[in-house]
Amino acid sequence: SAIAAACVLCVLAAVLVFIKLQTPVIIDENGFYIKDGVLQSYSGSETDVVLPEAVTAIADYAFRDNESRAAIATVTLGKNVKTVGANAFAGLNDLVDLVLEDENTAFVKRDGAIFTFDGSMLVRFEDREATAYTLPGGTRYIAAHAFQGSKLTAFTFCDTLEYIGYNAFAGCALTEINLPESIVRVEEGAFASCTQAVDGYIPQHAELGQGALKRTGFVDIGRRVLKVPVGRKHARKRLGKGRIHLLVMRLQVGRIARSE
């Protein structure tokens with residue numbers, strides 16, 4: 001009957017709408033691979049990368065596998081970019097500037113740094129001449145490479161900080177590294193080559209990524225530090241069971257996972 005036929009057509013239409021909603025929108029052009037608005041990877045060779053308007057978020061490690069990443073000097077976040085993973089720019093060791101379009105309201109500049117609008121993540125530190133900095137209260141995440149290569153010798157961490165991203169302070173001239181009890185994870189290479197850091201404190205429960213403290217001037221044992229000259233393997237061996245205990249846990253908030 002006509003009624004039955006109409007019902008069948010309605011069901012088919014509903015199924016088609018459902019399938020369309022469940023099918024990811026994928027854009028793969030000019031080196032940008034974008035899935036449902038999230039930049040998953042960039043394989044282009046531009047020195048100054050301007051993200052397409054279709055990008056609303058950047059996944060962690062979106063640039064890490066780019067063979068030309070060493071040549072990338074700037075990345076421009078368009079007006080539609082609302083969120084970035086804490087390790088979105090991991091691998092861009094030579095990034096000179098993170099540019100915000102005037103119409104982008106998801107990020108703000110203050111006190112020489114770029115933060116997410118809610119202040120929960122410090123994305124990049126821009127004052128490359130500063131020698132001291134105090135992280136504002138309420139900051140929970142420090143993004144990859146945020147302070148890498150800066151001239152900072154003194155840094156005060158706030159007591160809300162939970163996560164420090166990939167190579168965040170690599171190569172800095174910090175003389176002390178005193179992390180708050182709120183810290184959950186310190187990512188791979190976070191303080192690598194901070195060779196002048198001969199004192200500090202890292203809570204026992206903090207999870208450390210590979211090489212998080214590589215070539216720093218101390219080894220922490222959950223209280224004050226035992227100072228160890230860089231490269232003195234025999235001194236490190238004497239720590240025995242007194243080394244940092246790593247709590248196996250994962251922090252998902254503040255990161256944007258790449259889709260498989």
Side-chain angles (χ1 to χ4, degrees), residues 24-110 113-126 139-149 161-170 185-190 209 250-260:
V25 177
I26 295 176
I27 299 175
D28 188 0
E29 57 185 31
N30 299 323
F32 296 98
Y33 182 77
I34 307 164
K35 183 177 179 180
D36 289 334
V38 179
L39 177 64
Q40 302 291 331
S41 64
Y42 173 68
S43 59
S45 57
E46 295 293 328
T47 299
D48 300 305
V49 179
V50 179
L51 301 184
E53 289 191 0
V55 176
T56 59
I58 306 176
D60 282 333
Y61 306 104
F63 296 89
R64 182 178 57 181
D65 298 328
N66 187 304
E67 295 181 355
S68 303
R69 63 184 179 277
I72 296 178
T74 66
V75 175
T76 298
L77 304 185
K79 63 181 180 180
N80 296 324
V81 178
K82 305 301 181 186
T83 55
V84 298
N87 291 302
F89 304 109
L92 299 183
N93 290 287
D94 300 304
L95 187 68
V96 176
D97 197 11
L98 185 62
V99 181
L100 300 178
E101 285 192 353
D102 292 338
E103 295 176 301
N104 188 305
T105 59
F107 303 89
V108 295
K109 293 186 177 184
R110 67 168 184 263
I114 297 176
F115 288 84
T116 52
F117 183 77
D118 63 0
S120 64
M121 184 192 303
L122 188 151
V123 181
R124 184 169 177 81
F125 187 63
E126 297 187 304
T139 306
R140 299 174 61 193
Y141 316 104
I142 294 177
H145 305 294
F147 294 91
Q148 182 174 0
L161 184 65
E162 300 174 21
Y163 182 83
I164 300 177
Y166 176 87
N167 277 21
F169 291 88
R185 180 171 172 83
V186 181
E187 198 55 79
E188 177 182 351
R250 298 185 66 184
L251 179 67
Q252 296 295 342
V253 181
R255 303 193 210 175
I256 302 176
R258 295 174 66 181
S259 298
E260 297 298 332

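Note that CG of Leu98 is 9.0 Å distant from OG1 of Thr74, once rounded to the nearest 0.5 Å. The structure places CD1 of Ile114 at 11.5 Å from CZ of Phe125, a figure rounded to the nearest 0.5 Å. The line from CZ of Phe115 to OG1 of Thr139 is 4.5 Å long, rounded to the nearest 0.5 Å. Going from atom OG1 of Thr83 over to atom CG of Leu77 covers 10.5 Å, rounded to the nearest 0.5 Å. Between atom OG of residue Ser43 and atom CD of residue Glu67 there is a gap of 9.0 Å, rounded to the nearest 0.5 Å. The distance from the CD atom of Glu46 to the CG atom of Asn66 is 10.5 Å, given to the nearest 0.5 Å.
The backbone N or O of Tyr61 sits nowhere less than 3.5 Å from a side-chain atom of Asn87 that would complete a donor-acceptor pair. Under the 3.5 Å distance criterion, the side-chain polar atoms of Ser45 are left unmatched by any main-chain donor or acceptor of Ser68.
Contact of the Ile72 side chain with the Asp94 side chain is not registered, since no non-hydrogen atoms from C-beta on lie closer than 4.5 Å. You'll find the side chain of Ile164 stays beyond 4.5 Å of the side chain of Glu187, heavy atoms only. Counting heavy atoms from C-beta outward, Asn93 and His145 have side chains that approach closer than 4.5 Å. Counting heavy atoms from C-beta outward, Val55 and Asn80 have side chains that stay 4.5 Å or more apart. With contacts defined as side-chain heavy-atom distances shorter than 4.5 Å, the pair Asn104/Phe117 does not qualify. Counting heavy atoms from C-beta on, the side chains of Leu122 and Tyr141 never come closer than 4.5 Å. For the pair Leu100/Lys109, a side-chain contact is recorded, criterion being any heavy-atom separation below 4.5 Å from C-beta on. Between Pro52 and Ile34, some side-chain heavy-atom pair lies under the 4.5 Å cut-off.
Ring-plane geometry between Phe169 and Phe147 is classed as parallel, the angle between the planes falling under 30 degrees on a 0 to 90 degree scale with a further cut at 60. Ring geometry for Phe63 against Phe89 counts as parallel: the plane angle stays under 30°, on a 0 to 90° scale with 60° as the upper cut.
For Arg124 and Glu126, the salt-bridge test fails: no basic side-chain N is under 4.0 Å from an acidic carboxylate O. Using a cutoff of 4.0 Å between basic side-chain nitrogens and carboxylate oxygens, Glu101 and Lys79 are not scored as salt-bridged.
Counting all heavy atoms, side chain and backbone alike, Gly91 lies closest to Tyr166 at N-CE2, 3.9 Å. Taking all atoms of both residues into account, the shortest heavy-atom contact from Ala170 to Gly189 is CB-O, 3.8 Å. Taking all atoms of both residues into account, the shortest heavy-atom contact from Ala62 to Leu39 is CB-O, 3.8 Å. Smallest separation of non-hydrogen atoms from Ala168 and Ala143: CB-O, 3.7 Å. The two residues Ala190 and Gly165 come nearest to each other via the heavy atoms CB-O, 3.8 Å.
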Derivation of the side chain to side chain contact (heavy atoms under 4.5 Å, CB included) call for Val99 and Asp48: CA-CA 10 Å; Val99 181; Asp48 300 305; over 6 Å; no
Worked verdict on Arg69 versus Leu92 for side chain to side chain contact (heavy atoms under 4.5 Å, CB included): CA-CA 6 Å; Arg69 63 184 179 277; Leu92 299 183; 3.8 Å; yes
Worked check of side chain to side chain contact (heavy atoms under 4.5 Å, CB included) between Phe32 and Val49: CA-CA 10 Å; Phe32 296 98; Val49 179; 3.9 Å; yes
Full working for side chain to side chain contact (heavy atoms under 4.5 Å, CB included) between Phe107 and Thr116: CA-CA 4 Å; Phe107 303 89; Thr116 52; 3.9 Å; yes
